[in-house]
Protein chains: 2
Amino acid sequence: MPHAKAKPAINTRIQARNKELILEAALEVFSVSGFRGATVDQIAARADMSKPNLLYYFRRKEDIYVALLEHTLSDWLEPLRALDPAGDPLAELSRYITAKMQMSEANPMASRLFANEILHGAPMIEKFLKGPLKQLVAEKAEVIRFWMANGKLAHADPYHLIFAIWAVTQHYADFSVQVEAVLGRRENGRSAQKAVLDILLRGLRPRQP
Amino acid sequence: MPHAKAKPAINTRIQARNKELILEAALEVFSVSGFRGATVDQIAARADMSKPNLLYYFRRKEDIYVALLEHTLSDWLEPLRALDPAGDPLAELSRYITAKMQMSEANPMASRLFANEILHGAPMIEKFLKGPLKQLVAEKAEVIRFWMANGKLAHADPYHLIFAIWAVTQHYADFSVQVEAVLGRRENGRSAQKAVLDILLRGLRPRQP
DNA sequence: GTCTATAATATGATAGAC
DNA sequence: GTCTATCATATTATAGAC
């Protein structure tokens, strides 16, 4: 009998599909309960899978969590990356803020996942914060500073401006329970968007156009 | 022998002291790990107390958590309560923002405790959000609207303005890990305060003074 | 690849001596 | 009031049949 090859990667499609299902379920569970609050049981149940089967795809609970963070970290930065030095400053910032508000509305669970991770000291993504994120923000802060120096934008600290944009836009995802409790209703995405743009950008119009 | 009285409350001072110690330790642990992430062991260790002894003062872990939230909920609202309809609008808002920034800096752990509770759906303080908090915000939004109607403040949605103030000021406590990673240093309270006041209030100066 | 059963551990909570 | 010892349970993770 000719040498039987070591088993090749069969059913890669099923594997990919199941990994997707697990990550999807895990996002729902982790974003509600945090890393420690979530149990593998809950994730398995939501993914319609037995616990051992789930642990066949991801050996440890932590592996699912890390995969989930990595899976979305890059998307998260895309709108900031898109800030174009050659564009009109107010239009660029407006586009950025709108994109962040839409991300908060479309995927509040991802926002809460990150919020939770950072709130707890960012043990898993510390390197990302101090590396790629710091690097990108430095670059874009320079762009904003350049706009201000050229009189196209009123002066303000670029770093704190970026923090303010993050804080306000993510607030609607992370603290939606509070927002809805205070307003007494489910927040309307569009009206919040309009109000936020107004509050954050009005003060940035240059003095002498 | 005359009838011995049922034991009176002896050592109430020690009890009060120990409860204080426990709450102090619990704040540190819960604010880092959240309700589920925190263990009674950790809290007891940090309070220099045995676990059973701690559970003599608070029968269940949840009791400590609730006591902690109630213990600080009221303080949390004080600066907003102090917003004075008779005062100068920009000065009042400036004072409010500054007070919130100082609270974030002085007690980031309390801020994170609330952030965590709300992030996870606010199971313990839902009534507080829909009751006293909603009530107070409605009242103060009315004050802001009144200022705007009288031309003392540029127009903006009062509710979303309050949300923006909360979001930005609490960001420095809740996401301090990220802020410090991006800035590459520990944030200076005073410069952040100045920048935040500038970003949030500049757009609110009335058009025709 | 998927399951049942179970090991190994962590943790909330209690009993009972002192 | 405080301690040591321990129970009961929940949960991560693995073994091994199918």
Side-chain angles (χ1 to χ4, degrees), chain A residues 4-69 116 120 123-124, chain B residues 4-69 116 120 123-124:
Chain A
K5 285 270 182 63
K7 68 162 191 271
I10 12 170
N11 268 334
T12 326
R13 276 246 284 289
I14 291 181
Q15 289 196 8
R17 171 77 185 137
N18 278 344
K19 283 203 168 195
E20 266 310 314
L21 279 175
I22 292 170
L23 289 175
E24 204 177 305
L27 174 57
E28 295 176 34
V29 177
F30 281 130
S31 70
V32 169
S33 309
F35 176 72
R36 191 116 191 302
T39 72
V40 179
D41 266 324
Q42 292 173 325
I43 300 173
R46 207 173 270 262
D48 254 315
M49 203 175 283
S50 72
K51 183 161 54 172
N53 194 20
L54 183 150
L55 288 167
Y56 166 79
Y57 288 100
F58 295 91
R59 288 184 64 81
R60 298 176 313 160
K61 178 168 115 171
E62 190 181 308
D63 294 344
I64 314 175
Y65 187 70
V66 171
L68 205 51
L69 284 171
N116 201 66
H120 294 3
M124 312 280 189
Chain B
K5 284 270 184 63
K7 68 161 189 270
I10 14 170
N11 268 334
T12 326
R13 276 245 286 288
I14 291 181
Q15 289 195 12
R17 171 76 185 140
N18 278 345
K19 283 204 167 192
E20 267 309 313
L21 279 174
I22 292 169
L23 288 176
E24 205 178 304
L27 176 56
E28 295 176 33
V29 176
F30 281 130
S31 70
V32 169
S33 309
F35 177 71
R36 191 115 192 300
T39 71
V40 177
D41 268 324
Q42 292 173 324
I43 300 172
R46 208 174 270 262
D48 254 316
M49 206 175 282
S50 70
K51 183 161 57 168
N53 193 22
L54 182 151
L55 288 168
Y56 166 78
Y57 289 101
F58 295 90
R59 288 184 63 81
R60 299 176 314 161
K61 179 168 119 170
E62 190 180 307
D63 293 345
I64 315 174
Y65 187 71
V66 171
L68 206 50
L69 283 171
N116 202 68
H120 293 5
M124 312 279 189

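As the structure is a prediction and not an experimental result, all values here were calculated from the model. Just so we're on the same page: letters track the sequence lines, and every chain starts at 1.
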For K51(B), which residues count as a salt bridge (charged side-chain N to carboxylate O under 4.0 Å, His left out) partner, sequence neighbours excluded?
D41(B)
Return the residues of residues 50-67 of chain B meeting this criterion: a heavy atom under 4.0 Å from some atom of DNA chain C. Order them by number, or give none.
K51(B), P52(B), L55(B), R59(B), R60(B), K61(B)
For R17(B), the side chain to side chain contact (heavy atoms under 4.5 Å, CB included) test, sequence neighbours excluded, returns L21(B)
Roughly how far apart are I22(B) CD1 and L55(B) CG, rounded to 0.5 Å?
8.5 Å
Pairs touching residues 18-28 of chain B that satisfy side-chain hydrogen bond (donor to acceptor under 3.5 Å, both in side chains), sequence neighbours left out
N18(B)-Y57(B), E28(B)-R46(B)
Contacts of D63(A) meeting side chain to side chain donor-acceptor pair (under 3.5 Å) (sequence neighbours excluded), chain-then-number -> R60(A)
Taking atom P of dT9(D) as reference, at what distance in whole Å does atom CG of D41(A) sit?
17 Å
When the distance from CZ of R17(A) to P of dG1(C) is rounded to whole Å, what number comes out?
15 Å
Dot-bracket, DNA chain D: Watson-Crick or G-U, under 3.5 angstrom, [ ] crossing, | other strand?
||||||||||||||||||
Can you find a pair of side-chain heavy atoms, one from T39(B) and one from R36(A), that are under 4.5 Å apart?
yes
Restricting to non-hydrogen atoms, name the atom on K61(A) and the atom on F35(A) that form the minimum distance, rounded to 0.1 Å.
NZ-O, 3.0 Å
Taking only residues two or more places apart in sequence, or in another chain, which ones meet A67(A) in a side chain to side chain contact (heavy atoms under 4.5 Å, CB included)?
L23(A), F58(A)
When rounded to the nearest 0.5 angstrom, what is the spacing between CG in L69(A) and CD1 in I64(A)?
12.0 Å
In residues 22-39 of chain B, what residues come within less than 4.0 Å of DNA chain C, judged by heavy atoms?
A38(B), T39(B)
If the condition is side chain to side chain contact (heavy atoms under 4.5 Å, CB included), which residues does A38(B) pass it with, not counting sequence neighbours?
V29(B), F30(B), S33(B), Q42(B)
